[in-house]
Amino acid sequence: MKKVPRPPKQTGTTPRSIPVNDGSAQYSFFQNVWDVVRQIPFGRVTSYGAIARYLGTGSSARMVGWAMNASFNISPKVPAHRVVNRNGMLSGKAHFTPPELMQELLEKEGLIVKDETIQEFETHFWDPAVEL
DNA sequence: AGTATGACTCATT
DNA sequence: AAATGAGCCATAC
C-alpha cells in the first residue's frame, strides 16, 4: 500500500473544520492519518509520533490526536484504539465511550494492558514508516 | 484577532 | 531519573 504521497502541508488557510468524510471530502491530513491507522494489523499498535513522522515531521503528533478525535464520526471505522503515545500508554482512553473500551479492545486483540500501558509495547509496535 | 488548549515528542535542566 | 520548557498546528472561546 504505501500510497500516502505526503500531503503538501495544507496549512492554515485550508478550510476544513473537522473534515467529515461526506463524499466531497478533499484529501486532508486527517484522511491520510485514517488511511494509515486502518492499515494497522490486528493485534499491533503504533504511536501518534510514528504516524506524524510518516506523513512528514512538519505535521506534529498533536494533529494526529485531533484526527483520532474526529475519527469517531467517519464512515470507515478507524481502529483508534491501536494508536497510543510513544510510551505505549493509552493516553486517549478517556475519549472513548466508555473509557474502558479502549483497553478492552486491545486485550481482545491479544495485547496485555497493565496500568493503562501496553506490555511489550515494542514487540507489538507497528511503524508505518517501516512497514509501509 | 489574540490567547489558551490539546488523544504528542524531544531536548534540556 | 524525573520535571520542565519549547516546538508543533488546528480548534475553541
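Below, chain A is the first sequence line, B the second, and so on; all start at residue 1. Quantities reported herein were computed from a predicted structural model and do not represent experimental measurements.
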Take the protein atom [atom1] of [X] and the nucleotide atom [atom2] of [N], then report the distance between them rounded to whole Å.
| X | N | atom1 | atom2 | value |
| --- | --- | --- | --- | --- |
| A/Leu106 | B/dA7 | CG | C1' | 13 Å |
| A/Phe29 | C/dC8 | CZ | C1' | 11 Å |
| A/Asp127 | B/dT9 | CG | C1' | 15 Å |
| A/Asn85 | B/dA7 | CG | P | 12 Å |
| A/Gln103 | B/dA7 | CD | P | 19 Å |
| A/Met68 | B/dA7 | CE | C1' | 9 Å |
| A/Met63 | B/dT5 | CE | P | 15 Å |
| A/Trp66 | B/dA4 | CH2 | C1' | 12 Å |

Exercise. Where the side chain of A/Asn69 is defined as all heavy atoms beyond and including C-beta, which of B/dA7, B/dT9, C/dA10 is the nearest nucleotide?
Worked result: B/dA7
Seminar exercise, completed: Taking B/dC10, B/dA7, C/dA10 as options, the one with an atom nearest any side-chain atom of A/Arg86 is B/dC10
Problem set entry | Side chain to side chain, A/Met68 and A/His95, heavy atoms closer than 4.5 Å | no
Within the sub-3.5 Å range, which N or O atoms of nucleotides 1-7 of chain C have a protein N or O partner, and how far apart are they?
from  : atom 1 : to      : atom 2 : distance (Å)
C/dG7 : O6     : A/Arg62 : NH2    : 2.9

Exercise. Checking A/Gln119 side chain against A/Thr117 main chain: does a donor-acceptor pair fall under 3.5 Å?
Worked result: yes
Problem set entry | Same-atom distance (C1') from B/dA7 to C/dA2, integer angstrom | 23 Å
Exercise. Using a cut-off of 4.0 Å on non-hydrogen atoms, how would the nucleic acid contact of A/Ala80 be classed: base, sugar-phosphate, or nothing?
Worked result: base
